[in-house]
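Just so you know, these numbers use all the heavy atoms, side chains as well, and skip hydrogens, waters and symmetry mates.
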Amino acid sequence: MKISQITLLAALAASPSAHAFSTPGELSSLARRPAFSTAARSRGLPFRMSAVEEETETTAAVPFFAREEATKMHVISAVTPPQELQKSRTGRSASEIAAELSSGKTLEGGPTIDFGGAKDATSRSERALLAAREEYLDALRLGREVKVSGGIDGTGRLMGINDDVVAEVGREIGEFAEKFGGPETVRRCGAWLRKGAPSGMFDPLPNADDAAATFSDEEVAKFKQLLEEAYEESGLVTEAFAKTFYLGTQLLPEDARRAIWAVYVWCRRTDEIVDAPRSPDDPDMLVDLSAWEIRLERLFQYGEVVDAMDLPLLDIKAKYPNMDIQPYLDMVRGMLMDIPDLGQDRYDTFDELHLYCYRVAGTVGLMSMPVFGCAPGYTEEQAKEPALSLGVAFQITNILRDVGEDAVTRGRVYLPREDMEKFGVTEQQIFDQRLDDNYVAMMKYEIERARMYYERALRGVPMLAPYSRLPVQASLDCYAKILDKMEENGYDNLTKRAYAGKWEKMAEIPFSWYRTQDIYKTLPLPWDKPLKEDSS
């Protein structure tokens with residue numbers, strides 16, 4: 001192991017900040033910030049369920065996807081009964097939650113559930129998102145002005161980029177594209193990337209004759225430079241918001257490193273669409289989110305790009321053909337779960353919390369799997385259960401670490417109510433930050449559950465391609481130390497914050513490296529628990 005690798009991994013593990021995370025745990029905390037600003041909450045979430053207006057289509061240019069999507073739209077007649085809404089925690093009723101939980105798939109007969117694609121189309125949040133989607137597409141189809149962040153053609157400030165992002169990075173994001181010719185060059189670059197993608201990966205983009213498109217050597221050189229700067233800017237965004245995570249990506253080969261930056265930037269922009277402060281004059285959040293989701297769908301189906309920061313995502317889709325859209329769509333649903341009036345701020349059972357953990361953390365593992373790769377003899381399907389287990393482990397750790405902070409600053413309690421009742425712990429006790437024997441007993445129980453998921457995740461490290469094992473193992477080892485610190489704090493996560501110090505994490509890195517070596521199978525570290533053989 002090179003000393004530079006040890007140094008970088010030490011940096012990967014060093015930050016004790018409130019939402020510091022590591023691959024893939026760092027991304028998992030994106031959705032756990034307050035969902036709305038005061039200004040946004042004061043406006044509420046307008047429930048735009050009106051039917052499509054009867055208007056005559058204008059002769060204005062209409063984006064073809066607006067016409068295409070209009071044929072798919074329908075008004076959902078099944079609605080949540082008012083009596084059920086009264087029983088809901090914020091905006092989700094018991095029947096909505098049950099419908100989504102029932103669609104989960106238990107993996108390997110164990111405790112990890114794959115909630116990929118789980119959603120109740122009749123739920124309040126899905127109906128609100130559909131209404132926003134219809135509003136957006138109707139406006140385009142009928143030639144009306146539609147207000148979305150970043151516009152519909154990639155001009156102006158990019159969607160998912162706001163003053164906070166610009167201040168953190170130190171410059172306007174995507175502005176570099178102007179020196180190459182702006183949106184038109186971005187679209188031409190997208191056509192060039194589509195043409196170089198594996199045959200059949202993308203459906204033909206309507207109104208674009210990619211097959212007949214030709215590109216001069218001068219143009220190709222320009223496209224390569226544009227794509228290079230888009231990747232460089234993705235790295236800048238990753239470094240600005242996730243310094244330790246960024247340094248950890250330096251251990252990966254160049255293509256994999258840049259691919260993870262592209263994934264991170266998409267997740268960051270999604271989070272900012274939902275989470276950023278909005279004034280009454282700003283575009284509606286749900287309309288923005290619907291437009292963003294449509295963009296994602298069209299990138300995966302047609303290879304279409306809107307702005308320069310879409311180019312890296314298109315490029316990695318072409319390089320990793322098995323990259324699936326579903327985790328990205330599921331993360332959008334995870335963001336919705338934290339939105340007042342539509343989401344959920346209490347969880348009755350662990351299964352409900354498990355769904356949240358999947359959407360905001362497990363999805364990142366699935367996004368990353370094609371990039372991390374699998375070792376010979378393993379498939380992504382085999383590695384899925386450990387990857388999702390790691391996401392659950394990371395998110396449970398985040399939740400346990402932040403119990404006091406979430407209650408006091410956000411008014412949220414993520415701990416399952418069934419667990420609180422089992423141990424005789426009340427919400428008022430948590431808000432009062434009162435530690436007693438009942439609370440300590442509950443924390444011991446929750447910590448053991450988190451460790452069980454870490455143990456299941458460990459089985460997946462040898463399934464990864466050799467170049468990706470060390471970053472994943474190191475993040476797992478260092479993040480699990482937060483649980484040790486909670487124990488050292490006497491299980492007081494109400495008034496104390498558990499974190500491992502920089503030097504403690506640095507000391508752990510060589511052991512993480514050793515655990516990725518073949519010799520570890522015959523000579524394990526004496527203090528490590530033996531890995532359980534999977535009998536499923």
Side-chain angles (χ1 to χ4, degrees), residues 25 28-29 31-32 80 84-85 87-126 326-327 329-339 342-366 384-400 402-403 406 412-425 427 430 441-457 536:
S28 74
S29 72
R32 295 215 331 106
T80 306
E84 291 231 29
L85 286 176
K87 299 175 185 176
S88 66
R89 281 89 74 206
T90 313
R92 285 165 59 80
S93 71
S95 61
E96 293 170 8
I97 295 168
E100 293 186 342
L101 294 180
S102 67
S103 62
K105 177 185 176 183
T106 301
L107 300 180
E108 302 183 16
T112 303
I113 302 175
D114 179 8
F115 287 105
K119 69 177 182 180
D120 176 9
T122 68
S123 70
R124 186 177 181 184
S125 59
E126 288 296 332
Q326 194 61 58
L329 296 173
D330 291 339
M331 176 171 274
V332 171
R333 269 68 199 170
M335 299 294 175
L336 284 173
M337 288 179 75
D338 267 343
I339 296 176
L342 292 180
Q344 187 172 351
D345 60 4
R346 298 293 187 275
Y347 296 85
D348 278 350
T349 67
F350 179 73
D351 282 348
E352 292 183 15
L353 187 63
H354 195 153
L355 172 61
Y356 178 74
C357 291
Y358 163 78
R359 285 175 168 170
V360 301
T363 52
V364 182
L366 298 185
K384 176 182 278 190
E385 196 273 348
L388 291 180
S389 293
L390 187 58
V392 174
F394 279 145
Q395 195 62 20
I396 293 176
T397 302
N398 283 339
I399 288 168
L400 297 182
D402 296 341
V403 170
D406 283 335
R412 289 185 172 273
V413 178
Y414 288 92
L415 297 171
R417 284 172 166 171
E418 65 179 4
D419 294 352
M420 295 170 64
E421 292 173 4
K422 176 179 179 179
F423 289 95
V425 175
E427 281 193 11
I430 292 175
M442 182 176 70
M443 282 302 105
K444 290 179 179 179
Y445 175 79
E446 303 294 348
I447 287 172
E448 282 308 303
R449 176 157 52 197
R451 284 182 173 144
M452 178 270 294
Y453 281 106
Y454 278 113
E455 288 178 13
R456 295 192 70 84
S536 60

Which residues satisfy the side-chain contact (heavy atoms from CB on, under 4.5 Å) test with M420, sequence neighbours excluded? V413, L415, V425, E427, I430, M442
Any side-chain heavy-atom pair of D348 and I97 under 4.5 Å: no
Rounded to the nearest 0.5 Å, how far apart are CD of E455 and CD of E448? 8.0 Å
With sequence neighbours excluded, tell me which residues meet salt bridge (charged side-chain N to carboxylate O under 4.0 Å, His left out) with D114. K384
Scanning both residues in full, the closest heavy-atom pair of A118 with S103 reads CB-OG, 3.1 Å
Contact check, side chains of Y358 and T112, non-hydrogen atoms, under 4.5 Å: no
Rounded to the nearest 0.5 Å, what's the gap from CZ on R92 to CG on L342? Could you check? 10.5 Å
Residue pair Y347 / D419, side-chain heavy-atom distance below 4.5 Å: no
Is the backbone of R359 close enough, under 3.5 Å, to the side chain of D330 for a donor and an acceptor to pair up by distance? no
Residue pair Q395 / Y453, side-chain heavy-atom distance below 4.5 Å: no
Side chain to side chain contact (heavy atoms under 4.5 Å, CB included) evaluation trace for Y454 with I396: CA-CA 10 Å; Y454 278 113; I396 293 176; over 6 Å; no
Just verifying a value: how many Å separate L355 CG and R333 CZ, rounded to the nearest 0.5 Å? 12.0 Å
Distance from M337 atom CE to D345 atom CG, nearest 0.5 Å? 10.5 Å
Check whether any side-chain heavy atom of R412 sits under 4.5 Å from a side-chain heavy atom of D338, and report yes or no. yes
Contacts of type side-chain contact (heavy atoms from CB on, under 4.5 Å), residue D120, not counting sequence neighbours: E96, A99, E100, T122, S123
Restricting to non-hydrogen atoms, name the atom on L366 and the atom on P327 that form the minimum distance, rounded to 0.1 Å. CB-CG, 3.6 Å
Listed by chain and number, what are the ring pair (Phe, Tyr, Trp, His ring centres under 6.0 Å) partners of F423, not counting sequence neighbours? Y445
Please report the shortest heavy-atom distance between E446 and R449, naming the atom on each side. OE1-NH2, 2.7 Å
Minimum-distance pair of heavy atoms, taken over all atoms of V364 and V360: CG2-O, 4.1 Å
Rounded to the nearest 0.5 Å, how far does CD1 of I447 lie from CE of M452? 14.0 Å
Minimum-distance pair of heavy atoms, taken over all atoms of A361 and G391: CB-O, 3.4 Å
Looking at R124 and S93, would you say the former's side chain and the latter's main chain have a donor-acceptor pair under 3.5 Å? no
Going by the rule ring pair (Phe, Tyr, Trp, His ring centres under 6.0 Å), which residues pair with F115 if we only count those two or more places apart in sequence or in a different chain? H354
State, to 0.1 Å, how close G116 and Q326 come at their nearest heavy-atom pair, and which atoms those are. C-CG, 4.2 Å
Looking at residues at least two apart in the chain, or sitting in another chain, which of them share a salt bridge (charged side-chain N to carboxylate O under 4.0 Å, His left out) with E418? none
Could you grab the distance from atom OH of Y414 to atom CD of E352, nearest 0.5 Å is fine? 13.5 Å
